[in-house]
Amino acid sequence: DTGVSQDPRHKITKRGQNVTFRCDPISEHNRLYWYRQTLGQGPEFLTYFQNEAQLEKSRLLSDRFSAERPKGSFSTLEIQRTEQGDSAMYLCASSFGINEQFFGPGTRLTVL
Amino acid sequence: KNEVEQSPQNLTAQEGEFITINCSYSVGISALHWLQQHPGGGIVSLFMLSSGKKKHGRLIATINIQEKHSSLHITASHPRDSAVYICAVSNTDKLIFGTGTRLQVFP
């Protein structure tokens with residue numbers, strides 16, 4: 001297993017466009033987390049899944065954001081009508097239960 | 001006030017120095033995590049601990065549950081230790097992160 005992977009690694013988009021990111025967790029991990037990190041700050045929690053069920057969403061996750069994990073394996077995070085304030089690094093992590101989380105390399109989003 | 005506070009925010013050291021980074025938290029936790037982040041964004045988990053002390057190579061992490069405080073120590077620091085070190089806490093699910101400590105070790 002090659003660890004957690006994310007695609008794309010970088011995304012530049014114009015304000016108002018929709019973007020979708022993908023995360024592939026470590027295969028035996030049942031939990032998948034999305035975090036967002038802005039420059040100079042620590043990551044902030046967005047949402048997490050246990051298998052295919054989305055168990056918690058942060059208040060940071062406005063109605064423009066939606067995440068799915070349809071078969072309990074990979075997950076997608078979609079941002080609709082992007083705004084400049086959405087520019088950040090989007091990090092995915094996975095774990096087996098409440099054990100150590102393993103992070104992907106992140107997707108850096110720039111909204112022009 | 002943030003739920004997880006780290007100090008210092010920035011730290012410079014000469015190669016070989018002993019380094020300490022501190023973390024205080026104000027919420028109930030099931031575990032505390034120390035993470036390392038290099039330029040480019042990749043985050044690596046260094047330690048996950050819920051009591052006492054753990055050691056891995058030149059890195060030592062301690063936690064005092066009563067005082068809600070943890071420290072990360074680096075012995076015999078090396079330029080390759082230069083990175084951002086992030087403290088995070090968890091209570092069965094998501095991580096709550098500190099803002100990180102940027103460490104630069106000069107030869």
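Because only heavy atoms are used, hydrogens play no part in the values below, and waters and symmetry mates are left out as well, while side chains stay in. Values in this document were obtained by computation on a predicted structure and should not be read as measured data.
For chain A, the nearby part of B:L35 is the side chain; its heavy atoms alone come within less than 4.5 Å. Using a 4.5 Å cut-off between heavy atoms, A:Q50 does not touch chain B at all. Only the side chain of A:Y35 comes within contact range of chain B, judged by heavy atoms closer than 4.5 Å. Interface remark: A:P43 contributes backbone and side-chain atoms alike to the contact with chain B (heavy atom separation under 4.5 Å).
Interatomic distance, A:L91 CG to B:L95 CG, rounded to the nearest 0.5 Å: 11.0 Å. Going from atom CZ of A:R31 over to atom CG of B:D93 covers 6.0 Å, rounded to the nearest 0.5 Å.
Atom CZ of B:F18 sits in a crowded spot, with more than 12 heavy atoms from other residues, nucleotides or ligands closer than 6.0 Å. Atom CG of A:L39 sits in a sparse spot, with 12 or fewer heavy atoms from other residues, nucleotides or ligands closer than 6.0 Å.
By a heavy-atom distance cut of under 4.5 Å, B:G98, B:T99 are the residues of residues 98-107 of chain B near chain A, going up by number. For residues 44-74 of chain B, a heavy-atom distance under 4.5 Å to chain A picks out B:S45, B:M48, given by residue number. Within residues 60-88 of chain A, no residue has any heavy atom less than 4.5 Å from a heavy atom of chain B.
Residue A:L109 is not grouped with residue A:M89 when hydrophobic side chains (ILVMFWY) are merged at heavy-atom distances under 4.5 angstrom, including chains of intermediate members. Hydrophobic clustering places B:Y85 together with B:V4 (ILVMFWY residues linked when any side-chain heavy atoms are closer than 4.5 Å, directly or through intermediates). No continuous path of hydrophobic side-chain contacts links A:F103 to B:V89 [ILVMFWY only; heavy atoms under 4.5 Å]. Follow the hydrophobic side-chain contacts under 4.5 Å out from B:I19 and you never reach B:I86; the two are in separate clusters. If you chain together hydrophobic residues whose side chains sit under 4.5 Å apart, A:V111 and A:W34 fall into the same group.
The cationic atom of B:K94 (NZ for Lys, CZ for Arg) lies less than 6.0 Å from the six-membered ring centre of A:F45 and within 45° of the ring axis.
Contacts with chain B were tallied for A:Q41, A:E44, A:E56; A:E56 has the most, counting heavy-atom pairs under 4.5 Å.
Residues satisfying the salt bridge (Lys or Arg N to Asp or Glu O under 4.0 Å) test with A:E52, not counting sequence neighbours, are none.
Considering only heavy atoms from C-beta on, A:Q37 comes within 4.5 Å of B:Q37 through its side chain.
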